[in-house]
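To keep things clear, I will list the structure first and then write my remarks on it.
Computed over heavy atoms, backbone and side chain alike; hydrogens, waters and symmetry mates excluded.
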Amino acid sequence: MAEEMSLSSLTLLPRLMFYTALAWFLAGGAAGLLMVLFHVTGAAAVPAYYEALTVHGILMTFGGVFQLMAGLSLIRAGFCYGKPIRGLLFLSLYLLLNISLAMLLASALAGVRVTYTLMFPLPAAGAFKGLWSIDMLTLFVWGVVLLLIAIIALYPASLAKILFFGKTKEQLVMERFMGTLSPSGMASMLPFIFVVPPIGAPILATAALIGAALLGVIPLTGISWFLEAVNFNYLFWPWAHNLMEAMGIMAIGTVYWIIPRYTADVEREPRLYSEKLGIFAIIFYTVAAAFAFPHHLFTMSSTQPIGLSYVGQLASWLTGFGAAFSVFNILATGWRYGLKIRPASLAVLLGFSLYVTDGFLAMQLGTIGWNYRLHGTYYVTAHLMTILIAVTLIWIGAVYHHFQLLRGRGDDEKLSYLHIILTTVAGFGLMYVMATMGVGGVPRRAYPIPFAADIQITLLTAFGALLALAQAIFIANLVRGGGVAAR
Amino acid sequence: MWGSSLGALLILLYVTSPFLVVFFLLVFLSVRRGRQAEKLLNTSKKRLAVAEVLWLMLVASIWTAVNVSSLSWIPAGVGDPALAVPAAGEQVLEVEAFMWGYNLSTTTLEAGRPVRVVAWSTDTLHSTGIYSPDGELLVTLMLMPGMREQVLLTLEPGVYTLRCLEFCGDGHAFMSAVFTVAGAGGG
Ligand code: HEM
Ligand SMILES: [Cu+2]
Ligand SMILES: [Cu+2]
């Protein structure tokens, strides 16, 4: 009984985060389907489309993917270190994250349609033009501030607390202790703990200053430096880029963690083919990623110094080298020790294949010459949606790995396989269709699309529906499940 | 050719499809090997080390090929101080972007003389994507308020379209303008 109690002291909050992430995924996914339906029918008013777009981007990225990752990574760290996940820090992470999302959702529905990347200075310019009210803008900005606090302060602090503080409770250790320096252990969490907070702090300060100015607490003139579009964007993009990279590295760490646990050779302690190469890849990738952000601003032909652009291109391509080390390591692990296909390992492998494929597309966008011909088109949407779907699929592997703990019973493996395979097909389908649209020059975030793109829109609808169907199967699996797991 | 957007799609397909085939083949073979314990025991470490080197060499050559060739795909006038100031014989197309449209300094240009596009935004983040007469996106410039961007183009005769490619509010999809490049010799 005591053990039961302490196990739930570890799983309760992460489970709550998992279910909340699912709810946001559903709401955000509905907005995504609505968008393609708007394109098909052409029936929506323009503002309705952009509200759906803003809601979709915010909910999928932060409510869905980030929260899924947060919940599952906390569970994983907790099991490795035998630490409970309860107390003020963890609770405030959960509450602040979701309160901030509710604020952003409310302000977007009330008209602040600026996309999840803000497009600064659009929030201000739109308010100036009367597209949305200053009040709703203020709500939006404070939503951003709270979201930033959750992402760059509370979440890294939560991870750090588990990794570095408190006593290990042996009965909570569900998987062997692997330590912070092992790639199949916690090494992939270190960038989030040590890189995201310092890079995020300036943008959090900026958002808070703007929020304070909107409330009239400080004069707008006092923060005019931050309101310069160039200054803001050169603070924003290093943060946004490294946040995504830190999430990507966590996903790679999940691959490193899951795959060795599904090898045929069950006697041996689960390890990668080469732990050394694994740690090297993580460090290499983290360092390269830190310098890649100029790729977001390549097309400012005269404003961004060409030297900075070259640094951005080289760093972007170096992250690809980091991924090449991981590809070898994972495949060699399977080859050396034999692979067992179960829902967890299949989801991770398919998610990883999607991740690497998209990684190449991303490096193309990280190439100055190509960027001048693809920036702002659906090629970019292809990249960001694929990376998010890939990361999600990898973490879904972690869900299947922990299914018993999350649901108290096993999954129905047939449903699990169906869910994973359909999600993968839809992910690849959306990626290649959107890439084709991008090459045709179709502007992203454009409604109505100022081009003939009926075929592509029909395909997007089909793959979108397939993705939705797959998640319906997932939910059926979660609700009904199978018998007792035979892992 | 490879530097165009179509080139990007072709290279995407050429690189990712063989990768995916080999990836899934190796996964399949690894599952099969897993059922034969003696095979696993006899895995040659040497062969794996060779495979690692070959794989990294393959990645490195694609890496180098793209990074080196891509230098020539960068549009003219970017990062070259010699081209930052207008030269004799150039035509200038000034593009002022606003919510939601463009003011152009002229809508007719001549073929055969370089065109210097100078663009800026008066209100929020916009861009100006320049589409060729057959609809190909030739170049896009991100326009941040307060900044001016330029690029040098050599254009064939025809009707060119400008479109905004940075989301700038409700009128984003309607932001466009056209200009004509007339054939040399008053065609
Ligand atoms: C895990 C699943 C998904 C994630 C994480 C995701 C995430 C995103 C994000 C972050 C954006 C960018 C929004 C922006 O540009 O401001 C986006 C765009 C888009 N999403 Fe999704 N999405 C997912 C699934 C879907 C589904 C099921 C559909 C329906 C077919 C869909 C349709 C779209 C469309 C059409 C756009 C582009 C909109 C535009 O540029 O005008 N997405 N998605
Ligand atoms: Cu980036
Ligand atoms: Cu615009």
Side-chain angles (χ1 to χ4, degrees), chain A residues 46-47 50 115 119-122 125-126 129 131 228-230 233 263-265 297 299-303 306 309 313 317 320-321 324 328 331-332 334-341 349 353 357 360-361 364 367-370 372-377 435-436 439 441 443 445-450, chain B residues 3-6 8-9 12 15-16 19-20 23 26-27 30-31 33-35 40 43 48 52 55-56 59 63 66-67 70 73-75 77-79 99 123-125 127 129 131 135-142 144-151 163-170 172-173 176:
Chain A
V46 170
Y50 290 131
T115 86
M119 306 307 297
F120 193 87
L122 181 58
K129 223 175 148 62
L131 296 178
E228 283 297 327
V230 190
N233 278 286
T263 50
D265 187 351
L297 303 163
T299 57
M300 296 203 295
S301 59
S302 313
T303 300
I306 187 78
S309 293
Q313 172 165 342
W317 278 80
F321 235 104
F328 179 79
L331 287 175
W335 185 263
R336 173 75 183 81
Y337 302 111
L339 267 182
K340 271 197 319 216
I341 293 295
L349 281 169
S353 71
T357 309
F360 186 76
L361 192 152
Q364 292 189 301
T367 308
I368 304 169
W370 271 326
Y372 270 100
R373 282 144 193 124
L374 296 168
H375 190 82
T377 71
T436 312
V439 164
R445 299 170 173 162
Y447 180 85
I449 294 183
Chain B
S4 70
S5 48
L6 185 63
L9 183 66
L12 176 72
V15 170
T16 58
F19 167 79
L20 287 170
F23 184 92
L26 286 173
V27 166
S30 300
V31 172
R33 284 168 57 85
R35 303 210 183 97
L40 293 182
T43 309
L48 271 174
E52 176 172 4
W55 161 247
L56 291 179
V59 173
W63 203 101
V66 176
N67 275 282
S70 76
W73 308 335
I74 300 175
V78 176
M99 289 159 113
D123 40 33
T124 190
L125 190 58
S127 90
Y131 290 78
E136 185 189 346
L137 178 56
L138 298 176
V139 68
T140 159
L141 297 176
M142 184 189 288
M144 218 164 265
M147 299 292 140
R148 289 161 86 85
E149 314 299 338
Q150 7 181 336
V151 72
R163 282 187 193 291
C164 183
L165 293 169
E166 296 290 338
F167 177 63
C168 54
D170 294 350
H172 173 58
S176 71

Checklist entry - Is there side-chain contact between A/Ser301 and B/Pro75, with at least one heavy-atom pair below 4.5 Å? => result no
Checklist entry - So do the side chains of B/Leu141 and A/Tyr372 get within less than 4.5 Å of each other, counting heavy atoms only? => result yes
Checklist entry - Highest number of heavy-atom pairs under 4.5 Å with chain B: which of A/Pro448, A/Pro121, A/Ala125, A/Pro47? => result A/Pro121
Item to check | Option that, when pairs with chain A are counted at under 4.5 Å, heavy atom only, ranks first among B/Leu26, B/Val66, B/Asp123, B/Leu6 | outcome: B/Val66
Next on the checklist: Under the criterion ring pair (Phe, Tyr, Trp, His ring centres under 6.0 Å), I'd like the reasoning laid out for A/Tyr50 against B/Phe167: C-alpha separation, chi angles, the key distance, then a yes or no.
Outcome noted: CA-CA 10 Å; A/Tyr50 290 131; B/Phe167 177 63; 4.6 Å; yes
Next on the checklist: I need the residue from B/Val27, B/Val59, B/Val151, B/Leu9 with the largest number of non-hydrogen atom pairs under 4.5 Å to chain A.
Outcome noted: B/Leu9
Checklist entry - In Å, rounded to the nearest 0.5 Å, how long is the span from CZ of A/Arg445 to CD of B/Glu166? => result 8.0 Å
Item to check | From B/His172 atom NE2 to A/Thr115 atom OG1, the distance as rounded to the nearest 0.5 Å | outcome: 10.0 Å
Checklist entry - With chain A, which of B/Leu137, B/Leu48, B/Leu125 has the greatest number of heavy-atom pairs at distances under 4.5 Å? => result B/Leu48
Checklist entry - Rounded to the nearest 0.5 Å, how far apart are CE of B/Met147 and CD of A/Glu228? => result 6.5 Å
Item to check | Partners passing side chain to side chain contact (heavy atoms under 4.5 Å, CB included) against A/Leu131 (at least two apart in sequence or in another chain) | outcome: A/Arg113, A/Lys129, B/Met99, B/Trp100, B/Asp170
Next on the checklist: Just so I understand: if I count every heavy-atom pair under 4.5 Å between each of A/Leu297, A/Leu361, A/Val46, A/Leu339 and chain B, which residue has the most?
Outcome noted: A/Leu339
Checklist entry - Counting distance only, does the side-chain N/O of B/Ser70 pair as donor-acceptor with the main-chain N or O of A/Gly369 below 3.5 Å? => result no
Next on the checklist: Any side-chain to backbone donor/acceptor pair from B/Glu149 onto A/Thr303? Under 3.5 Å, distance only.
Outcome noted: yes
Checklist entry - Do A/Ile306 and B/Val78 come within less than 4.5 Å of each other through their side chains, counting heavy atoms only? => result yes
Next on the checklist: Restricting to non-hydrogen atoms, name the atom on A/Ala229 and the atom on B/Pro145 that form the minimum distance, rounded to 0.1 Å.
Outcome noted: CB-CD, 3.8 Å
Checklist entry - chain B: which of A/Thr377, A/Leu349, A/Thr367 shares the most heavy-atom pairs with it under 4.5 Å? => result A/Leu349
Next on the checklist: Check the orientation of A/Trp317 and B/Trp63. Use parallel for under 30°, tilted for 30 to 60°, and perpendicular for over 60°.
Outcome noted: perpendicular
Next on the checklist: For B/Ala173 versus A/Ala446, what's the shortest heavy-atom pair and its separation?
Outcome noted: CB-CB, 3.9 Å
Item to check | B/Ser4, part contacting chain A, at a heavy-atom distance under 4.5 Å | outcome: backbone
Next on the checklist: What verdict does the side-chain contact (heavy atoms from CB on, under 4.5 Å) test give for B/Leu56 and A/Phe328, after you've listed the backbone C-alpha separation in whole Å, the side-chain angles of each residue and the deciding distance to 0.1 Å?
Outcome noted: CA-CA 9 Å; B/Leu56 291 179; A/Phe328 179 79; 5.8 Å; no
Item to check | Per-residue contact mode, B/Leu40 against chain A (heavy atom under 4.5 angstrom) | outcome: both
Checklist entry - Tell me, do B/Phe23 and A/Thr357 make a side-chain contact under 4.5 Å, heavy atoms counted? => result no
Item to check | Toward chain B, the part of A/Tyr337 with a non-hydrogen atom under 4.5 Å | outcome: backbone
Next on the checklist: I need the minimum non-hydrogen distance between B/Thr124 and A/Met119, along with the two atoms involved.
Outcome noted: OG1-O, 4.2 Å
Next on the checklist: Tell me whether A/Arg373 contacts the main-chain N or O of B/Val139 through its side chain, where contact means a donor paired with an acceptor under 3.5 Å.
Outcome noted: no
Next on the checklist: For a 4.5 angstrom cut-off between non-hydrogen side-chain atoms, does A/Ser353 reach B/Leu20?
Outcome noted: yes
Checklist outcome for this item: Heavy atoms of B/Leu165 and A/His375 approach each other most closely as CD1-O, 3.8 Å
Checklist entry - Is the shortest heavy-atom distance from the side chain of A/Gln313 to the side chain of B/Asn67 under 4.5 Å? => result yes
Checklist entry - With a 4.5 angstrom heavy-atom cut-off, which part of B/Ser127 approaches chain A: side chain, backbone, both or neither? => result neither
Next on the checklist: Ignoring hydrogens, what is the shortest heavy-atom contact between A/Ala324 and B/Trp55? Give both atom names and the distance.
Outcome noted: O-NE1, 2.9 Å
